[in-house]
Number of protein chains: 2
Amino acid sequence: MHFGELIKTIKERREIMQVTQETLAELSGVGLRTLKQFESGKGNPTLRTLQKLADVLGMEIYLKLKNVSHR
Amino acid sequence: MHFGELIKTIKERREIMQVTQETLAELSGVGLRTLKQFESGKGNPTLRTLQKLADVLGMEIYLKLKNVSHR
DNA sequence: CTCCGAAGTGCATTTTATAGCTCTTTTTTG
DNA sequence: CAAAAAAGAGCTATAAAATGCACTTCGGAG
């Protein structure tokens, strides 16, 4: 997933859970400003920040091998 | 994946590819010091840094829903 | 044991993420 | 439409990530 997709995933998941940015910020311990910046595509969060958000959203960060089929 | 697992995954993948930290640093555009810190478990990389590494290693970052079965 | 390459660490600097406060804009709701 | 809620953005301070350089440690080869 590219940057934008990760952002989109977080944002959509938050919306599905019907949680405001403010609530997610509080629940996750991430600053509201930080979350806002991130969701509006202007951030470059640290891994820990992303994990805090993912945790609350019931998500997990994965690293997996790409499909290595060259065409 | 938790923090340590992500680190381990990167490191193992690098070793499988038989690339030194120095080479990976060059290929990915991440500073050698940054990579060293990260692999030795002392970092909290930004998403972009992690993605640069993952790219070169042929890996991808994913966000996926956890298994929500509460016991 | 010695040499050498790779990995780990201390120090210093620059850049940038985090975060709070306030204000503006957009969206939702009655 | 009007009010309220939520999201986005400017300004600013602080902490921390990114990075380079030099030095140390570790593991393997000879």
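Naming convention: chains lettered A, B, ... in sequence-line order (proteins, then strands); numbering from 1 in each chain. Heavy atoms only: backbone and side chains are in, while hydrogens, waters and symmetry mates are out. None of the values given here were measured: they were computed from a predicted structure.
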The side-chain contact (heavy atoms from CB on, under 4.5 Å) partner of B/Met59 among B/Leu57, B/Asp55, B/Ile61 is B/Leu57

Counted 5' to 3', the first and last nucleotides of DNA chain C within 4.0 Å (strictly under) of a heavy-atom of chain A are C/dA17 to C/dC21

In whole angstrom, give the distance that lies between atom CG of B/Leu24 and atom P of D/dT19.
-> 12 Å

Would you indicate what A/Lys11 reaches in the nucleic acid, counting non-hydrogen atoms under 4.0 angstrom: base, sugar-phosphate, or nothing?
-> sugar-phosphate

Which atoms form the tightest heavy-atom contact between A/Leu24 and A/Val19, and what is the distance?
-> N-CG1, 3.5 Å

Interatomic distance where CD1 belongs to A/Ile7 and C1' belongs to D/dA7 [whole Å] | 15 Å

Would a 4.5 Å heavy-atom cut-off, applied to side chains only, mark B/Phe38 and B/Leu53 as touching?
-> yes

Is the CD atom of A/Glu15 crowded by more than 12 outside heavy atoms at less than 6.0 Å?
-> yes

Flag side-chain contact, heavy atom, 4.5 Å: A/Thr23 against A/Met17 | no

Describe the nucleic acid contact of A/Arg48 in one word from base, sugar-phosphate, nothing, applying a heavy-atom distance below 4.0 Å.
-> nothing

Ignoring the backbone of B/Val30, work out which of D/dA17, D/dG8, D/dT19 is nearest its side chain.
-> D/dT19

Heavy-atom nearest pair, B/Gly41 first then B/Ile7, reads CA-CD1, 3.7 Å

Could you state the atom-to-atom distance from CD of A/Glu26 to C1' of D/dA6 in whole Å?
-> 13 Å

Here the distance between atom C1' of D/dT19 and atom NZ of B/Lys52, to the nearest Å, is 11 Å

Over all atoms of both residues, closest heavy-atom pair of A/Leu35 and A/Ala25 | CD2-N, 4.0 Å

Pull out every residue in residues 31-42 of chain A that has a heavy atom closer than 4.0 Å to any atom of DNA chain D, ordered by number, or say none.
-> A/Arg33, A/Lys36, A/Ser40, A/Lys42

Among D/dA17, D/dA18, D/dA7, the nucleotide that comes nearest once only the side chain of A/Gln21 is considered = D/dA7

Considering all heavy atoms, the nearest A/Met1-B/Glu60 contact | N-OE2, 2.6 Å

Answer yes or no: does atom CD of B/Glu5 have more than 12 heavy-atom neighbours from other residues, nucleotides or ligands under 6.0 Å?
-> yes

